Amino acid sequence: MDKKNLNISEDEKVVMSFLDENGEKVDFEAVAKVYLKEIEYLLLAPMDEESEDVYVFRVDEVDGKEELNLVEDDKEFLDVKKEYKKLLY
């Protein structure tokens, strides 16, 4: 995992917890932070699964507070994925 853009060390995990649609707590590990056109995105991977899924969240400011919103638009998702791949190479 590339953690250099999160400004954390390789040994440190950044964990975020969310409630799913059933009200169950789900932990995610931050994989990377990506910027596109001055918009911040977080790539998060579920910690309780052995899957290699990574979810892309856009960081929006709402009423002066940061809010994470799942990216569901295919074009936006692919643009973030492309930018993330640039960080890896």
Side-chain angles (χ1 to χ4, degrees):
M1 279 185 227
D2 178 17
K3 304 217 178 180
K4 65 184 175 197
N5 262 7
L6 283 173
N7 297 322
I8 58 175
S9 71
E10 284 292 322
D11 299 328
E12 184 180 5
K13 283 187 180 182
V14 174
V15 177
M16 298 180 173
S17 299
F18 299 95
L19 296 178
D20 67 11
E21 61 275 356
N22 299 320
E24 302 285 327
K25 180 181 163 190
V26 181
D27 293 327
F28 288 84
E29 181 177 2
V31 175
K33 185 185 293 186
V34 175
Y35 290 90
L36 276 178
K37 301 176 187 171
E38 299 185 24
I39 299 172
E40 180 180 350
Y41 295 89
L42 288 178
L43 283 69
L44 305 176
M47 293 184 68
D48 63 344
E49 300 177 14
E50 291 187 18
S51 75
E52 295 183 16
D53 290 339
V54 174
Y55 298 90
V56 177
F57 290 86
R58 185 181 52 255
V59 181
D60 295 323
E61 189 168 318
V62 177
D63 297 327
K65 295 182 182 178
E66 286 187 347
E67 178 179 289
L68 297 180
N69 291 297
L70 184 63
V71 172
E72 298 184 63
D73 178 73
D74 290 340
K75 182 182 179 334
E76 185 178 15
F77 178 84
L78 292 173
D79 288 345
V80 173
K81 182 179 173 182
K82 186 176 179 180
E83 188 66 22
Y84 173 64
K85 285 186 175 185
K86 287 181 190 176
L87 295 175
L88 297 177
Y89 302 105

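Computed from a predicted structure; not experimentally measured. When a residue number appears, it is its place in the shown sequence, counting from 1.
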Go through Phe28 and Leu42 one step at a time and tell me if the side chain to side chain contact (heavy atoms under 4.5 Å, CB included) criterion holds. CA-CA 11 Å; Phe28 288 84; Leu42 288 178; over 6 Å; no
Test side chain to side chain contact (heavy atoms under 4.5 Å, CB included) on Leu19 and Val26 and set out the steps. CA-CA 6 Å; Leu19 296 178; Val26 181; over 6 Å; no
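Using a 4.5 Å heavy-atom threshold, the side chains of Met16 and Leu44 count as touching. For the pair Phe57/Asn69, no side-chain contact is recorded, criterion being any heavy-atom separation below 4.5 Å from C-beta on. Side-chain contact between Val59 and Ile39 is absent, with no heavy-atom pair separated by less than 4.5 Å. Taking the side chain as every heavy atom from C-beta outward, Leu68 and Phe18 approach each other to under 4.5 Å.
Across all their heavy atoms, Ala45 and Val54 have their closest contact at CB-CG2, 4.4 Å. Nearest approach of Val31 to Tyr84, heavy atoms of both residues: CG1-OH, 3.5 Å. Heavy-atom minimum distance, Leu87 versus Lys33: CD1-O, 4.2 Å.
With hydrogens and angles left out, the side-chain atoms of Tyr41 and Glu83 include no donor and acceptor closer than 3.5 Å.
Counting heavy-atom neighbours within 6.0 Å of Asp73 CG, excluding the residue itself, gives a total above 12.
The line from NZ of Lys25 to CG of Asp27 is 4.5 Å long, rounded to the nearest 0.5 Å. Atoms CG and NZ, from Asp60 and Lys65 in turn, are 15.0 Å apart once rounded to the nearest 0.5 Å. Between Ser17 atom OG and Glu24 atom CD the span is 13.0 Å, to the nearest 0.5 Å.
With Asp20 contributing its side chain and Asn22 its backbone, the two residues share a donor-acceptor pair below 3.5 Å.
The residues Glu40 and Arg58 are annotated as not salt-bridged, no charged nitrogen and carboxylate oxygen being separated by less than 4.0 angstrom.
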